[in-house]
Asks: 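Would you mind keeping the following structure in view while I ask a few things?
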2 protein chains.
Amino acid sequence: MSSLIFEPSSGKYYYHYPFPVAIVGVKAGEKVNFMSAAWHTQLSFDPPLYGVLISPKRYTNELLKQSSAFSVNFLKFEDYKTAGFVGRTSGRELDKVKTFGLKYFDGKVATVPVLENAIACYECKIVDSRTYGDHILYVGEILGIHYDKSYYENGLSKSLLLYHGNDRYTFANSESVKFGKEEVYDEINKNRKG
Amino acid sequence: MSSLIFEPSSGKYYYHYPFPVAIVGVKAGEKVNFMSAAWHTQLSFDPPLYGVLISPKRYTNELLKQSSAFSVNFLKFEDYKTAGFVGRTSGRELDKVKTFGLKYFDGKVATVPVLENAIACYECKIVDSRTYGDHILYVGEILGIHYDKSYYENGLSKSLLLYHGNDRYTFANSESVKFGKEEVYDEINKNRKG
């Protein structure tokens, strides 16, 4: 018996949260801006593509139209306030970098700002953009990656900032299960025989 | 000073993990299949659109071409083995439903299978598909939502299954910070004045 409740889609749905936070950085001329995005995903390994969803109303969208690149920055949980700040303000009204004292440096391979306190950052060249409903999917080819080794073990973060919805933030529990390929296949084979 | 290390993109990058796991369900004729996907995102509120990335090599892609809908199922952490099983096997070689004893029921508004042990499931009608590099983005309009009320508080899950990469799974810590809109704005105003 299922204990699932059904309802027609209301348009607002958060059942797939918590979700990692991506801080999208753009530099257009002298203007630098950052915004937090809860909608983003890897799209391809070869070429390495990463997609971020931006509302056409956002100031970031104006800058993206004048730029050929963006950065995708990931923060550690402790820096959740940065995500809250850049997510709830607009670069039209204030200079987020100055107002919140954000520190960044220029990208190595693309014209993008890289947050100094990021635990990882992807430098992306815009290769496509496409409107889906009320948002625009910007597709970036990842040209280079920055990461803070101290926050990753075998490439896997234990403190990545996740958005919980409603301005709340969380992070993944460090008690991760080591399911491992061998164990997966052992159990699959057991099930096959059973 | 930044402690970030730079390297050119290698094509394989997991610095944005852990990421929620989406179990994509498809029904084409009599065939029912589920696969786990680590690449997916919300795309739009109005209309409500959800996107999943599927490799053209996957059996799921064959079924999606014969279908007009898919389901996106989210599991609780305790059911991580289901994600491992359906992620590491192919519906071409075995019947995943039978082999792993998966229980599902038919969608209410779309021809999709809904996992009984999901904590949430989105029923999606395919409205677009587009190739990005080595994957295909299937765009689904969410027609209806199922959720297990006991796993959500104010719509926010505390036990959602996250993929950690390398066949490892984790979940978000329940000690979530209640940053809250009021607090965000209070601090933003403080920074504005400072």
Side-chain angles (χ1 to χ4, degrees), chain A residues 2-9 11 13-16 18 20 39-49 53 74 84-85 88-89 99-100 108 116 120 132-135 142-149 155-156 162 164-165 167-173 176-181 184 188 191, chain B residues 2-9 11 13-16 18 20 39-49 53 74 84-85 88-89 99-100 108 116 120 132-135 142-149 155-156 162 164-165 167-173 176-181 184 188 191:
Chain A
S2 160
S3 47
L4 293 168
I5 294 168
F6 174 78
E7 57 186 38
S9 176
Y13 42 97
Y14 298 101
Y15 299 106
H16 56 284
W39 301 357
H40 55 93
T41 182
Q42 189 170 343
L43 296 165
S44 168
F45 277 128
D46 184 20
L49 300 178
L53 279 299
F74 297 99
F85 291 158
R88 286 287 170 200
T89 53
T99 307
F100 305 118
K108 304 277 186 210
E116 278 196 14
Y132 288 109
D134 53 23
H135 279 67
I142 302 177
L143 301 182
I145 287 171
H146 302 260
Y147 65 99
D148 186 334
K149 218 177 162 184
L156 304 175
L162 305 174
H164 215 299
D167 292 279
R168 293 193 298 172
Y169 295 90
T170 186
F171 63 103
N173 202 302
S176 72
V177 167
K178 294 185 192 303
F179 198 29
K181 269 188 201 175
V184 174
I188 287 171
N191 275 289
Chain B
S2 160
S3 46
L4 293 168
I5 294 168
F6 175 77
E7 58 187 37
S9 176
Y13 43 96
Y14 299 101
Y15 299 107
H16 57 284
W39 301 357
H40 55 93
T41 182
Q42 189 169 341
L43 296 166
S44 168
F45 277 128
D46 184 19
L49 301 178
L53 279 299
F74 297 99
F85 291 157
R88 287 286 171 199
T89 54
T99 306
F100 304 118
K108 303 278 186 207
E116 277 196 14
Y132 289 109
D134 54 22
H135 279 67
I142 303 177
L143 301 182
I145 287 170
H146 302 259
Y147 65 99
D148 186 334
K149 218 176 161 182
L156 305 175
L162 304 173
H164 217 300
D167 292 280
R168 294 193 297 172
Y169 295 90
T170 186
F171 63 102
N173 201 302
S176 71
V177 167
K178 294 186 193 302
F179 197 31
K181 270 186 200 174
V184 175
I188 286 171
N191 276 288

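What's counted below: heavy atoms across the whole structure, side chains too, no hydrogens, waters or symmetry copies. Residue numbers begin at 1 in each chain, while the letters A, B, ... track the order of the sequences.
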Asks: In Å, rounded to the nearest 0.5 Å, how long is the span from NZ of A/Lys108 to CD of B/Glu7?
Replies: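 Interatomic distance, A/Lys108 NZ to B/Glu7 CD, rounded to 0.5 Å: 13.0 Å.
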Asks: If you round to the nearest 0.5 Å, how far is CG of B/Asp167 from NZ of A/Lys181?
Replies: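 Reported value, rounded in 0.5 Å steps: 6.0 Å.
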Asks: What closest approach, in Å, do B/Pro20 and A/Pro20 show between heavy atoms, and which atom pair accounts for it?
Replies: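 Closest approach of B/Pro20 to A/Pro20: CD-CD, 3.8 Å.
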Asks: Quick one: what part of B/Leu143 sits under 4.5 Å from any heavy atom of chain A, side chain, backbone, both or neither?
Replies: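 The answer is the backbone of B/Leu143.
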Asks: Supply the atom-to-atom distance B/Phe179 CZ to A/Phe85 CZ, rounded to the nearest 0.5 angstrom.
Replies: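 Reported value, rounded in 0.5 Å steps: 5.0 Å.
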Asks: Decide yes or no for B/Tyr15 and A/His146: does some side-chain heavy atom of the first lie under 4.5 Å from some side-chain heavy atom of the second?
Replies: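 Heavy-atom side-chain distance check fails, nothing below 4.5 Å.
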Asks: Please identify, among A/Ile188, A/Val184, A/Thr89, A/Leu162, the residue contributing the most non-hydrogen atom pairs under 4.5 Å to chain B.
Replies: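 The residue among A/Ile188, A/Val184, A/Thr89, A/Leu162 with the greatest pair count is A/Ile188.
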Asks: Looking only at heavy atoms, which two atoms of B/Pro18 and A/Ala172 are closest? And how far apart?
Replies: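 Where B/Pro18 meets A/Ala172 most closely, the heavy atoms are CG-CB, 3.5 Å.
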Asks: Taking all non-hydrogen atoms of both residues, which atom of B/His40 and which atom of A/Thr41 are closest, and how far apart?
Replies: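 So the minimum-distance heavy-atom pair works out to N-OG1, 3.0 Å.
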Asks: Go through the atoms of B/Leu53 and report whether side chain, backbone, both or neither lie under 4.5 Å from a heavy atom of chain A.
Replies: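 Side chain only.
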Asks: Side chain from CB out, backbone as N, CA, C, O: work out which of these in A/Phe74 comes under 4.5 Å of a heavy atom of chain B, or both, or neither.
Replies: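 Only the side chain of A/Phe74 comes within 4.5 Å of chain B.
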Asks: Can you tell me how far CD of A/Gln42 sits from OH of B/Tyr132, rounded to the nearest 0.5 angstrom?
Replies: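 So the OH of B/Tyr132 and the CD of A/Gln42 are separated by 15.0 Å.
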Asks: Please name the pair of heavy atoms, one in A/Leu4 and one in B/Glu116, separated by the smallest distance, quoted to 0.1 Å.
Replies: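 Closest approach of A/Leu4 to B/Glu116, heavy atoms only: CD1-O, 4.2 Å.
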Asks: Could you grab the distance from atom OH of B/Tyr14 to atom CD1 of A/Ile145, nearest 0.5 Å is fine?
Replies: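 Between B/Tyr14 OH and A/Ile145 CD1, I get 11.0 Å after rounding to 0.5 Å.
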Asks: Determine the minimum heavy-atom distance between B/His135 and A/Ser44, stating which atoms define it.
Replies: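 For B/His135 versus A/Ser44, the nearest heavy atoms are ND1-CA, 4.3 Å.
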Asks: Please tell me whether A/Asp148 and B/Ser3 have a donor and an acceptor in their side chains that are separated by less than 3.5 angstrom.
Replies: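 The criterion, which ignores hydrogens and geometry beyond distance, is satisfied for B/Ser3 and A/Asp148.
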Asks: Just verifying a value: how many Å separate A/Phe171 CZ and B/Thr170 OG1, rounded to the nearest 0.5 Å?
Replies: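 Taking CZ in A/Phe171 and OG1 in B/Thr170, the distance rounds to 10.0 Å.
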Asks: Identify the two heavy atoms, one from A/Asp134 and one from B/Leu43, that lie closest to each other, and give their separation to 0.1 Å.
Replies: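 Minimum heavy-atom contact is OD1-O, 4.5 Å.
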